[in-house]
Amino acid sequence: MSTQKSSAKPAKITTQTVVDMKSKGEKISMLTAYDFTMAQIIDQAGIEIILVGDSASNVMAGHETTVPMTLEHMIYHTSCVVRGVDRALVIADLPFMSYQVTTKEALISSGRMMKEAGAHAVKMEGGKYIVDTVKRIVDAGIPVMGHLGLTPQSIYKFGTYKVRATEDDEADELIRDAKLLEEAGCFSLVLEKIPAHLAEKVTAELSIPTIGIGAGPSCDGQVLVLHDMLGLNKEFNPRFLRRYADLNSVMTDAVQSYIKDVKNKDFPNKDEQYGE
Ligand SMILES: Nc1nc(=O)c2c([nH]1)NC[C@@H]1CN(c3ccc(C(=O)N[C@@H](CCC(=O)O)C(=O)O)cc3)CN21
Ligand SMILES: CC(C)C(=O)C(=O)O
Ligand SMILES: [Mg+2]
């Protein structure tokens, strides 16, 4: 009989774990979460990385873009997620304008995310112009995930959410940025909505893992917004999205059954009330 306890939990996932997964050729799974309950479910389901995305701006707060998201709100969402997590690596997006103005501000924002929220790492969008900032944050002991390609915080600069780096000069710039971010100390890199062959090239040229969203199958891992892949969200239909459930219909049916039972006086019944 094995001496290993069958109830033993897998080792906690660290940034080194995900870097090692790339060398072993094991794919990395990542999903977003913004609250305790959802984080607990996906952590227990076995997800390796939970991203507290600034997509909370869209999914939680109902904004059109991620631009209005604040550091205070990201700290709140991240602290909720951290309380639900036992083994996954929790990475928090730094919101727009909490890291771009000065390196000092980026350090303060990252430090608050670690100390007040309990994040294990931070993520920030951008290439060349943030590499010095990334270096300082990594030097301070905070792991950083990069994010290139479609960078939603720059939507007002680009004007669309179209696929990025389809032209050679843009693709070359993305490859240069990816290498700079790796040299600056990023432990991993999100590639969003870029051609699959470009993501394949970046993935082959880097020793840190790439996590793709709309970046094809060659990335070392994949990420989706939880509410999108659960089918909670009916309006968002990009080509890269695969829905694994239709929770919108499940919830609508449940709520309509409840309304019907209340109207028909079928709820509550004898067992669902108190006698005294
Ligand atoms: N719910 C949700 N899911 C996400 O994946 C997500 C967010 N919110 N918010 C932050 C960013 C924004 N992201 C986006 C936004 C739009 C497209 C997109 O493909 N939109 C259109 C095409 C737009 C165009 O071609 O101009 C589409 O076809 O769905 C993709 C990723 C990814 N992130
Ligand atoms: C889509 C992922 C990569 C993200 O940045 C977010 O959810 O905010
Ligand atoms: Mg984001």
Side-chain angles (χ1 to χ4, degrees), residues 18 28-35 38-39 42 47-71 73-75 77-78 81 88-100 109-110 113 119 121-126 130 144-166 178 181 186 188-196 199 209-216 219-245 247-248:
V18 298
I28 300 157
S29 62
M30 169 161 139
L31 283 171
T32 67
Y34 319 102
D35 69 278
M38 294 287 177
I42 67 174
I47 202 81
E48 275 114 15
I49 306 180
I50 298 180
L51 173 68
V52 188
D54 60 350
S55 50
S57 182
N58 308 88
V59 175
M60 294 284 108
H63 291 298
E64 279 287 328
T65 72
T66 56
V67 168
M69 180 48 78
T70 67
L71 182 62
H73 285 121
M74 285 306 299
I75 289 172
H77 286 297
T78 304
V81 164
L89 182 71
V90 179
I91 306 177
D93 255 342
L94 289 183
F96 184 55
M97 283 302 130
S98 70
Y99 61 95
Q100 292 94 336
S109 301
S110 306
M113 208 56 102
V122 298
K123 176 164 88 55
M124 58 191 80
E125 298 178 7
I130 63 156
V144 177
M145 175 180 266
H147 183 158
L148 295 173
L150 172 56
T151 48
Q153 293 176 12
S154 307
I155 179 60
Y156 288 99
K157 177 175 163 187
F158 294 104
T160 75
Y161 289 107
K162 285 196 184 112
V163 61
R164 294 292 146 81
T166 51
L181 288 169
C186 281
S188 179
L189 178 62
V190 165
L191 297 175
E192 179 163 352
K193 221 178 158 179
I194 61 169
T210 59
I211 312 287
I213 172 165
C219 294
D220 300 300
Q222 298 291 330
V223 59
L224 285 173
V225 165
L226 181 65
H227 293 62
D228 299 342
M229 63 83 77
L230 291 177
L232 281 163
N233 201 331
K234 281 218 153 99
E235 298 85 47
F236 188 66
N237 285 302
R239 165 181 192 157
F240 64 74
L241 175 60
R242 185 183 295 182
R243 289 199 169 87
Y244 287 85
L247 290 199
N248 189 300

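Position 1 is the first residue of the sequence; numbering continues from there. Note that this is a predicted model, so its numbers are computed, not measured. One-based numbering, in listed order, for ligands and for the atoms of each. Basis for what follows: all heavy atoms, side chains included, without hydrogens, waters or symmetry-related copies.
Checking only distances, D228 does come within under 3.5 Å of ligand 1, N or O to N or O. In terms of N/O distances under 3.5 Å, ligand 1 is approached by N58.
Looking at E48 and S29, their side chains do bring a donor and an acceptor atom within 3.5 Å of each other. Side-chain N/O atoms of T78 and Y34 include no donor and acceptor closer than 3.5 Å. A donor atom on one side chain and an acceptor atom on the other are not found under 3.5 Å apart for R243 and N248. Checked by atom type, the side-chain pair E192/Y161 shows no donor-acceptor distance below 3.5 Å. Remark: the S154 side chain and the Y156 side chain contain no N/O donor-acceptor pair separated by less than 3.5 Å. Inspection of the Q153 and D54 side chains reveals an N or O donor paired with an N or O acceptor under 3.5 Å.
The protein heavy-atom contact nearest to atom 4 (C) of ligand 2 is L51 CD2, 3.5 Å. Protein heavy atom in closest approach to atom 5 (O) of ligand 2: K123 NZ, 2.9 Å. Residue, atom and distance of the protein heavy atom nearest to atom 28 (O) of ligand 1 are P238 CA, 4.1 Å. For atom 6 (C) of ligand 2, the nearest non-hydrogen atom of the protein is S55 OG, 3.3 Å. Summary of contacts: the protein heavy atom closest to atom 7 (C) of ligand 1 is S55 CB, 3.6 Å. The protein atom (non-hydrogen) at minimum distance from atom 30 (C) of ligand 1 is F240 CE2, 3.6 Å. Scanning the protein for heavy atoms near atom 11 (C) of ligand 1, the closest one is P152 CG, 3.5 Å.
In summary, the aromatic rings of H227 and F236 are positioned with their centroids too far apart to meet the 6.0 Å limit.
Contact annotation: the side chain of H147 approaches that of P152 to within less than 4.5 Å [non-hydrogen atoms, C-beta and beyond]. Using a 4.5 Å cut-off on side-chain heavy atoms (C-beta onward), M30 and I47 make no contact. Taking the side chain as every heavy atom from C-beta outward, I211 and L191 never approach each other to under 4.5 Å.
Here the CD-CG distance, from Q222 to L31, works out to 11.0 Å after rounding to the nearest 0.5 Å. Note: M113 CE to L94 CG = 5.5 Å, rounded to the nearest 0.5 Å.
The proximity of D93 to ligand 2, defined as any non-hydrogen pair under 4.0 Å, is limited to the side chain. The proximity of V59 to ligand 1, defined as any non-hydrogen pair under 4.0 Å, is limited to the side chain. Neither the backbone nor the side chain of L241 comes within 4.0 Å of ligand 1, counting heavy atoms alone. Proximity of Y161 to ligand 1, defined as any heavy-atom pair under 4.0 Å, is shared by backbone and side chain alike.
The Mg ion (ligand 3) sits nearest to atom OD2 when only the N, O or S atoms of D93 are considered. Restricting D54 to its N/O/S atoms, the shortest distance to the Mg ion (ligand 3) is reached by OD1.
Close to ligand 2: H147, with a non-hydrogen atom less than 4.0 angstrom away. Using a 4.0 angstrom heavy-atom cutoff, E192 counts as in contact with ligand 1. Contact between K193 and ligand 1 is present, with at least one heavy atom of the residue lying under 4.0 Å from the ligand.
Comparing H227, K162, E235 by heavy-atom distance to atom 26 (O) of ligand 1, the nearest is K162. Ranked by closest heavy atom to atom 8 (O) of ligand 2, the top entry among I91, D54, L191, T151 is D54. Of the listed residues (L224, L150, V225), the one carrying the non-hydrogen atom nearest atom 6 (C) of ligand 1 is V225.
Residue T32 approaches ligand 2 through these ligand atoms, each under 4.0 Å from one of its heavy atoms: 7 (O). Atoms of ligand 1 lying under 4.0 Å from any heavy atom of T66, numbered from 1 in the order shown and given with element: 10 (C). Counting the atoms of ligand 2 from 1 in the order shown, those under 4.0 Å from a heavy atom of I213 are 1 (C). Remark: ligand 2 atoms within the under-4.0 Å shell around heavy atoms of G53 are 6 (C), 7 (O), 8 (O). Ligand 1 places these atoms under 4.0 Å from at least one heavy atom of N233: 1 (N). Shown in contact with T160 at under 4.0 Å from a heavy atom are these atoms of ligand 1, numbered in order with element: 26 (O).
Note on E125: not counted as a metal contact of the Mg ion (ligand 3), no N/O/S atom lying under 2.8 Å.
The 12-atom threshold is exceeded at NE2 of H63, counting heavy atoms of other residues, nucleotides or ligands nearer than 6.0 Å.
When atom types are taken as modelled, the side chain of T32 and the backbone of L51 share no donor-acceptor pair closer than 3.5 angstrom. A side-chain donor-acceptor contact under 3.5 Å links S188 to the backbone of P209.
Each of M74, E64, M69 was evaluated against S57; a single residue qualifies, M69, per the side chain to side chain contact (heavy atoms under 4.5 Å, CB included) test.
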